[in-house]
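One structure below.
Computed from a prediction, not measured in an experiment: that's the story for all the values here.
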Amino acid sequence: MLRFSLLILIFLNCFFTQNTYGQKAINPIIHADVPDLSMIRVGDTYYMSSTTMHMNPGVPIMKSKDLVNWEILSYAYETLGDSDDLILENDKQMYGKGSWASSLRFHDGTYYVSTFSGNTGKTYIFSTNDIENGPWKSIEFRPSMHDHTLFFEGDKIFMIWGAGTMKMVELESDLSGIKPNSEKVLIQNATEPAGSNVGLPAEGAQLFKVNDKYYIFNIAWPRGGMRTVIIHKADNIIGPYEGRVALQDKGVAQGGLIDTPDGNWFAYLFRDNGAVGRIPYLVPVTWENDWPVLGVDEKVPMELDLPASNGLMPGIVVSDDFKRKKGEPDLPLVWQWNHNPVAELWSIDRKKGFLRLKTDRIDHDILQARNMLTQRTFGPESMGTIKLDLSGMKDGDFAGLTLLQKDYGMIGVRVNDGKKELVMSRAEDTVEKEIESISFTGNSILLRAVCDFKERKDEAKFYYSLDKGKNWEQLGDILQMKYTLPHFMGYRFGLFYYATAQPGGHVDFDFFKIDDQIKF
């Protein structure tokens, strides 16, 4: 009897331990590409902006009530402009460019998000009184201020930016540009706390004021080491600043501070995590002698005293049957176009439920194909499935599903001399290689891409089904996914269509289904 009672106690202990663990948040809080976080809290609601570079609309704004479960609310802009690189014209592109790290602020009832672009050479400030519904007002000026932080101090407005050397300027009161002769150096060598042998100098500045102290967060990357959080503290916004290394664990770095309504503090940071991209982490913060102390025993904990995640669907990614009810937008906010879309070359048949893509020019590879519609891949594993209606394709057309990065992979249907082929291709060092093709007849097909990011395995496979998804066959081989700087983004599911011989065709996407498990 005693032995039986002990077994019952052990079982109950295991049950409640697992149940308690399951009720807490686990790092990373978002296992998907959401880098360069900037975060604010207004009352009991958190808002966050992030980087999506060459995707449009740009600068996603997200909302959470618990710091863990996030949903996309809006975007700061539809497009940055219409130059050739933004619209994929004349063999130009903006992969890895577009808009970079943003700064999100709330001041006197107005929300502000600022960003910058290396390829347009401008700094942008967007503002709204209603962050959840907009609209956003836009201001732009030169120059492009790298990794800046926007900061309001009384009736003055500042920007702090730089790489290695941290500089500050004051902005005009209407945010229209920089006040003349206002530039000053805040920290001559912000990298110094990380040592002298550093590959990436201090950048990613974010400035915070807590209890009348000023804190500048930066990252640096010592050679042979990992991304490192550096914090500088001062009693006055213009300094002098004292710096120290604040965190050096797992390469989790770049971000800033956020507090909860009940007085707890966290650092929001991200980690380079292979092909899935740069993924957000939360790190507990305590305070000692007016310094924020990051981590638990100087480490990033995997478990957090926050509510558990409900998953990324439908807030960050979502399936789509392309059917729309009255009043619904043509595209949910989880979708972004690769580069600027061409409005007349896509449409949503709201009643029948399909996305139609059309062509009006000849392209020679998928990276130049306009109107590619994308969503994030995510980990530990994810799977995207599409259904295609091919009846409107012309000779030379190619349509299907890709995993987009510089070393992309794809599966699709190509028309050659009036005959259809099912093709799996992948790129290696910008050279596309056809791995396998088979003949195909019919006007409808299901295509699938599966991603395995577990322990940075970063492998993808492509499949097709000819019997409405009852049976699936792999086509081609394994795509070894690689995070590359030319694209500077985690892999994305992409719905593509382009012409290689004659424009004027169309293809219809019946649905896109996304799953957080690889299952057949």
Check your understanding: Between Phe126 and Tyr77, is the ring centre distance below 6.0 Å?
Key ->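 Judged by ring-centre distance (under 6.0 Å), Phe126 and Tyr77 do meet the cut-off.
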Review point. With distance as the sole test, does Gln375 use its side chain to make a donor-acceptor pair with the main-chain N or O of Val318 at under 3.5 Å?
Key: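 Checked: pair present.
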Check your understanding: If only atom types and distance count, is the side chain of Ser127 paired as donor or acceptor with the main-chain N or O of Tyr112 below 3.5 Å?
Key ->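 Judged by distance alone, no pair lies under 3.5 Å.
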Using a 3.5 Å cut-off and no angle test, enumerate the donor-acceptor pairs between side-chain atoms of residues 481-498 and protein atoms at least two apart in sequence or in another chain.
| residue | atom | partner | partner atom | Å |
| --- | --- | --- | --- | --- |
| Tyr483 | OH | Arg278 | NE | 3.4 |
| Tyr483 | OH | Phe488 | O | 3.1 |
| Tyr483 | OH | Met489 | N | 3.4 |
| Thr484 | OG1 | Gln405 | OE1 | 2.6 |
| His487 | ND1 | Lys406 | N | 3.3 |
| Tyr491 | OH | Asp407 | O | 2.6 |
| Tyr491 | OH | Lys482 | N | 3.0 |
| Tyr491 | OH | Lys482 | O | 3.4 |
| Arg492 | NH1 | Gln336 | OE1 | 3.2 |
| Arg492 | NH1 | Thr374 | OG1 | 3.0 |
| Arg492 | NH2 | Gln336 | OE1 | 2.9 |
| Tyr497 | OH | Asp397 | OD2 | 2.4 |
| Tyr497 | OH | His506 | N | 3.0 |

Exercise for review: Mind checking side chain to side chain donor-acceptor pair (under 3.5 Å) for Asp477 and listing every partner two or more places apart, or none if nothing turns up?
Suggested key: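 Checked Asp477 against side chain to side chain donor-acceptor pair (under 3.5 Å); matches are Arg426.
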Practice item. Could I get the full list of side chain to side chain donor-acceptor pair (under 3.5 Å) partners for Tyr268, not counting sequence neighbours? Key: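 Residues passing side chain to side chain donor-acceptor pair (under 3.5 Å) with Tyr268: Gln206.
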Practice item. Mind checking ring-ring contact (aromatic ring centres under 6.0 Å, His included) for Phe106 and listing every partner two or more places apart, or none if nothing turns up? Key: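 Phe106 satisfies ring-ring contact (aromatic ring centres under 6.0 Å, His included) with Tyr111 only.
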Could you tell me which residues satisfy side chain to side chain contact (heavy atoms under 4.5 Å, CB included) with [X], sequence neighbours excluded, listed by chain and number?
X: Lys454; result: Pro380, Glu381, Asp452
X: Pro261; result: Arg41, Asp44, Tyr46
X: Leu466; result: Phe440, Ile445, Tyr464
X: His364; result: Ile362

Could you note down all residue pairs passing salt bridge (charged side-chain N to carboxylate O under 4.0 Å, His left out) where [range] supplies at least one of them, sequence neighbours left out?
range: residues 356-370; value: Glu89-Arg361, Glu89-Arg370, Arg356-Asp508, Asp360-Arg370, Arg361-Asp363
range: residues 437-448; value: none
range: residues 326-335; value: Asp330-Arg350

Check your understanding: For Glu132, which residues count as a salt bridge (Lys or Arg N to Asp or Glu O under 4.0 Å) partner, sequence neighbours excluded?
Key ->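 Salt bridge (Lys or Arg N to Asp or Glu O under 4.0 Å) list for Glu132, sorted by chain: Lys63.
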Practice item. Answer yes when Asp272 and Arg227 have at least one side-chain N-carboxylate O distance shorter than 4.0 Å, and no when they do not. Key: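 A salt bridge links Asp272 with Arg227.
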